[in-house]
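What follows is a single structure, written as structure tokens, with notes after it.
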Amino acid sequence: MTKKDVVIKLENGLEARPVALLVQVASQYESSVYIESGNKKVNAKSIMGMMTLVLKAGDTVVVSADGKDENEAADAIESYLSGK
């Protein structure tokens, strides 16, 4: 399992469109991918789950991935949330 702390640097945080794009990025990987914020942990491949987190720019989350392509998945999510 790979875990990374990531600061969200998307200008408007994770509103509907950025969440949809994040889910698309996560869905490209076979690994299970989760985003943790506070006491909530949701599947990064679930639009509805991700919307419940209400993440804003500057928030720090934990990205975790587990599976054969976990490192690539975690790196891709980190890149997306960092605005790269």
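To the nearest 0.5 angstrom, Lys40 atom NZ is 11.0 Å from Met50 atom CE. To the nearest 0.5 angstrom, Asp5 atom CG is 9.5 Å from Glu78 atom CD. A distance of 3.5 Å separates OG of Ser31 from CG of Asp69, quoted to the nearest 0.5 Å.
Residues Lys45 and Tyr29 come closest through the heavy atom pair NZ-O, 2.7 Å. Considering all non-hydrogen atoms of both residues, Ser64 and Glu36 come closest at OG-OE2, 4.0 Å. Nearest heavy-atom pair across Ala65 and Ala73 is CB-CB, 4.3 Å. Residue Pro18 comes nearest to Leu10 through the heavy atom pair CB-CD1, 4.3 Å, listed as atom of the first residue, atom of the second, then distance.
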Residues Ser82, Val6; criterion side-chain contact (heavy atoms from CB on, under 4.5 Å); working and verdict
CA-CA 7 Å; Ser82 297; Val6 179; 4.1 Å; yes

Please step through side-chain hydrogen bond (donor to acceptor under 3.5 Å, both in side chains) for the pair Thr2 and Asn71, ending with a clear verdict.
CA-CA 6 Å; Thr2 299; Asn71 291 323; 2.8 Å; yes

Check the pair Asp59, Ser37 against side-chain contact (heavy atoms from CB on, under 4.5 Å), reporting the backbone distance first and the verdict last.
CA-CA 8 Å; Asp59 289 351; Ser37 178; 5.6 Å; no

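Taking a 6.0 Å sphere around NZ of Lys41, one finds it holds more than 12 heavy atoms contributed by other residues, nucleotides or ligands.
Cluster annotation: Leu55 is not connected to Tyr34 through the hydrophobic network of ILVMFWY side chains, with a link wherever side-chain heavy atoms come within less than 4.5 Å. Cluster membership for Leu21 and Val42, using ILVMFWY side-chain heavy atoms within less than 4.5 angstrom, is shared. Under the 4.5 Å side-chain heavy-atom criterion for Ile, Leu, Val, Met, Phe, Trp and Tyr, Leu22 and Ile47 are members of the same hydrophobic cluster. Hydrophobic clustering keeps Val54 apart from Met51 (ILVMFWY residues linked when any side-chain heavy atoms are closer than 4.5 Å, directly or through intermediates).
Applying the side-chain contact (heavy atoms from CB on, under 4.5 Å) test between Leu53 and each of Leu14, Val19, Ile35 identifies Ile35 as the sole match.
Among residues two or more places apart in sequence or in another chain, the salt bridge (Lys or Arg N to Asp or Glu O under 4.0 Å) test is passed with Glu30 by Lys68. Residues passing the salt bridge (Lys or Arg N to Asp or Glu O under 4.0 Å) test with Asp75 are Lys4, sequence neighbours excluded.
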